[in-house]
Amino acid sequence: MQRLIELVGDMRYDLCVLTGYYRGKNCGPFEATLDGVGRARAHLKEPVYGVLGDHDTIQMVPGLEAIGIRMLLNESEVIVRGDHQIYLAGIDDAHCFKVDNIEKAASQIPSGKFSILLSHTPEIYRQAAHADFNLLLSGHTHGGQICLPGSIPIILDAVLPRQMGAGAWQYHNMTGYTSVGAGSSVVPVRFNCPPEITLHCLHSG
């Protein structure tokens with residue numbers, strides 16, 4: 001966590017998004033998690049948006065919002081710069097809790113407007129493309145975390161094409177990016193799968 005704080009402190013960006021997995025265990029106390037995320041959040045520039053992952057309980061939402069992370073639970077917000085808008089939506093966990101509602105999240109986005117969907121898991125790529133999102137940002141897979149040489153994952157813990165398990169990909173008219181994340185899950189080890197903090201640059205078409 002300390003190294004993460006050191007890396008994000010000098011980064012330049014307009015918007016920060018977090019796609020879940022704030023804690024390692026999926027049950028039990030989460031106060032230590034909020035403390036750790038709070039230390040990192042203090043070094044992030046506003047605005048910061050987030051969604052929950054399959055290790056995260058909805059009971060964490062008030063604490064996450066109290067430290068300045070706007071949690072998107074099947075809803076959207078508009079980001080305005082001058083005469084231009086980008087619509088940012090987020091869904092609740094679709095992998096374990098199955099409480100995602102893409103239709104509700106997209107319901108306030110005007111047709112033809114550029115839209116980004118935050119989802120902990122990329123497994124909902126078909127529904128996201130059908131809802132006309134332009135960009136899907138997700139995580140969950142850790143890129144495999146423990147991989148064969150060439151970053152070939154042994155397991156992704158996700159039902160989706162292997163090429164969608166890490167990095168950039170395309171599905172119909174939607175672009176996707178699956179972050180391998182900055183931490184680890186189950187075991188504190190990464191092999192042939194270095195952690196990442198991803199900086200996306202959007203360009204007008």
Side-chain angles (χ1 to χ4, degrees), residues 1-22 36-53 56 64-65 67-72 76-82 84-91 105 109 113-125 128-129 133-145 147 150-151 153 156 158 160 162-171 173-185 190-205:
M1 184 62 75
Q2 184 57 43
R3 181 58 178 151
L4 179 68
I5 290 171
E6 293 170 358
L7 291 172
V8 300
D10 294 328
M11 292 181 68
R12 297 177 58 191
Y13 50 88
D14 299 300
L15 175 70
C16 177
V17 299
L18 308 172
T19 54
Y21 266 171
Y22 305 108
V37 175
R39 290 196 300 272
R41 171 63 185 90
H43 297 267
L44 297 174
K45 302 174 183 66
E46 295 185 352
V48 180
Y49 291 89
V51 293
L52 294 174
D56 308 318
L64 290 169
E65 294 206 322
I67 60 176
I69 302 172
R70 169 70 169 96
M71 300 301 293
L72 296 172
S76 66
E77 283 204 358
V78 59
I79 311 298
V80 179
R81 176 177 288 182
H84 302 280
Q85 302 89 33
I86 289 178
Y87 285 81
L88 181 69
I91 56 171
I109 301 176
K113 293 293 185 178
F114 187 86
S115 57
I116 302 171
L117 178 65
L118 306 181
S119 169
H120 174 64
T121 177
E123 293 169 283
I124 47 77
Y125 65 94
F133 280 98
N134 301 102
L135 175 63
L136 171 62
L137 299 178
S138 60
H140 178 67
T141 67
H142 297 258
Q145 190 172 306
C147 297
S151 297
L156 290 172
L160 77 170
R162 184 172 291 269
Q163 68 269 21
M164 294 181 178
W169 46 267
Q170 191 78 26
Y171 181 75
N173 294 324
M174 184 182 72
T175 298
Y177 191 92
T178 306
S179 172
V180 304
S184 59
S185 180
R190 280 184 174 268
F191 191 69
N192 291 320
C193 185
E196 69 177 26
I197 300 168
T198 315
L199 182 62
H200 297 280
C201 298
L202 304 181
H203 301 276
S204 60

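If you're wondering where the values come from, they're calculated on a predicted model, not measured in any experiment.
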What's the spacing between [X] [atom1] and [Y] [atom2] if we round to 0.5 Å?
X	Y	atom1	atom2	value
Ile124	Ile91	CD1	CD1	4.0 Å
Ser115	Ile79	OG	CD1	12.5 Å
Ile109	Phe133	CD1	CZ	4.0 Å
His140	Ser179	NE2	OG	13.0 Å
Thr178	Leu136	OG1	CG	7.0 Å
Leu44	Ile69	CG	CD1	7.5 Å

Minimum-distance pair of heavy atoms, taken over all atoms of [X] and [Y]:
X	Y	answer
Cys147	Asn192	O-ND2, 2.9 Å
Ile67	Arg41	O-CG, 2.9 Å
Gly82	Val80	O-CG1, 3.7 Å
Pro122	Trp169	CB-CZ2, 4.3 Å
Thr141	Ala158	CG2-CB, 4.2 Å

Kindly say whether [Y] contributes a backbone atom to a donor-acceptor pair with the side chain of [X] at under 3.5 angstrom?
X	Y	value
Arg162	Gly165	no
Gln2	Glu6	no
Glu65	Met71	yes
Arg190	Gly183	yes

Please tell me if the side chains of [X] and [Y] come closer than 4.5 Å, counting only heavy atoms from C-beta onward.
X	Y	value
Val78	Ser76	no
Val37	Leu64	yes
Met164	Tyr171	yes
Leu202	Phe114	yes
Cys193	Val180	yes
His120	Leu52	no
Tyr49	Leu15	yes
Ile116	Leu137	yes

Is any side-chain N of the basic residue among Glu46 and Arg70 closer than 4.0 Å to the acidic one's carboxylate O?
no
Are Lys45 and Asp14 close enough for a salt bridge, meaning some N to O gap below 4.0 Å?
no
Kindly check if the number of other-residue, nucleotide or ligand heavy atoms within 6.0 Å of OH (Tyr13) is above 12?
yes
Can you sort out the partners of Arg12 under side chain to side chain donor-acceptor pair (under 3.5 Å), two or more places apart, ordered by chain and number?
none
Begin with the C-alpha distance, continue with both residues' side-chain angles, and end with the deciding distance and a verdict on side chain to side chain contact (heavy atoms under 4.5 Å, CB included) for Leu117 and Leu135.
CA-CA 6 Å; Leu117 178 65; Leu135 175 63; over 6 Å; no
Kindly determine whether His142 and Tyr21 satisfy ring-ring contact (aromatic ring centres under 6.0 Å, His included), including the steps that lead there.
CA-CA 10 Å; His142 297 258; Tyr21 266 171; 5.0 Å; yes
Would you sort out whether Val17 and Val51 count as a side chain to side chain contact (heavy atoms under 4.5 Å, CB included), showing the intermediate values?
CA-CA 8 Å; Val17 299; Val51 293; over 6 Å; no
Please step through side chain to side chain contact (heavy atoms under 4.5 Å, CB included) for the pair Ile197 and Leu4, ending with a clear verdict.
CA-CA 8 Å; Ile197 300 168; Leu4 179 68; 3.4 Å; yes
Judged by modelled atom types alone, do Ser185 and Gln145 share a side-chain donor-acceptor pair under 3.5 Å?
no
Assess the residue pair Thr175 and Asn134 against the criterion (side chain to side chain contact (heavy atoms under 4.5 Å, CB included)); give the C-alpha distance rounded to whole Å, side-chain angles, the decisive distance to 0.1 Å, and a yes or no.
CA-CA 6 Å; Thr175 298; Asn134 301 102; over 6 Å; no
